[in-house]
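Positions are given from 1 along the sequence. This one's a predicted model, so the numbers in the text were calculated from it and none came from an experiment.
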Amino acid sequence: MYLFIKIISSAAIIGLVTELARRFPLYGGIIAALPLISILSIIWLTVQGESTQNITRFTMGVLAGFPATAAMLLVIYIGIKHSVHLVTALLLGIVVWGLFLTVQKFIMNGFVS
């Protein structure tokens with residue numbers, strides 16, 4: 001039952017945000033940048049009885065992934081702004097995201113070890 005509710009509520013939010021973005025691109029982008037998925041995930045993890053420790057680790061994972069996500073979005077933005085085909089811009093963004101995470105992990109291992 002939870003899975004069905006999660007799917008429907010997530011789809012509704014995505015649908016609303018994309019409709020808003022279609023009419024008002026700037027505001028749609030601002031709302032899309034909100035950590036809606038993170039907040040929903042934390043709520044669902046809590047409702048489903050996950051431990052505080054797991055939720056804390058999840059939150060740290062979101063924070064760790066943020067810089068790579070920002071880099072990915074920047075590459076996609078620059079690509080689209082310079083008339084790069086959407087699929088190419090998305091693929092370049094994903095590659096930058098993966099490289100950023102790899103470099104970030106390497107750097108973090110150097111500090112933690």
If two hydrophobic side chains count as joined below 4.5 Å and joins carry through other members, does [X] share a cluster with [Y]?
X     : Y      : result
Val75 : Val103 : no
Ile94 : Ile78  : no
Ile14 : Val62  : no
Val17 : Leu20  : yes

Under 4.5 Å between any side-chain heavy atoms of [X] and [Y], yes or no?
X      : Y      : answer
Leu40  : Ile13  : yes
Phe66  : Ser38  : no
Ile80  : Leu86  : yes
Ile5   : Trp44  : yes
Val95  : Leu91  : no
Arg22  : Glu19  : yes
Lys105 : Asn109 : yes
Leu45  : Asn54  : no

Could you measure the distance from the [atom1] atom of [X] to the [atom2] atom of [Y]? Nearest 0.5 Å is fine.
X     : Y      : atom1 : atom2 : result
Ile37 : Ser10  : CD1   : OG    : 5.5 Å
Leu99 : Gln104 : CG    : CD    : 12.5 Å
Arg57 : Ser51  : CZ    : OG    : 6.5 Å
Phe58 : Ile42  : CZ    : CD1   : 5.5 Å

#### Entry: side chain to side chain contact (heavy atoms under 4.5 Å, CB included) evaluation trace for Leu26 with Ile30
CA-CA 6 Å; Leu26 179 64; Ile30 290 169; 4.1 Å; yes
Is there a side chain to side chain contact (heavy atoms under 4.5 Å, CB included) between Ile76 and Leu90? Walk through the geometry before answering. CA-CA 6 Å; Ile76 292 170; Leu90 291 173; 3.7 Å; yes
> Would you say His85's side chain and Val87's backbone share a donor-acceptor pair under 3.5 angstrom?
Replying inline: yes
Closest heavy-atom pair, Leu101 versus Gly65, reported as atoms and distance to 0.1 Å, is CD2-CA, 4.4 Å
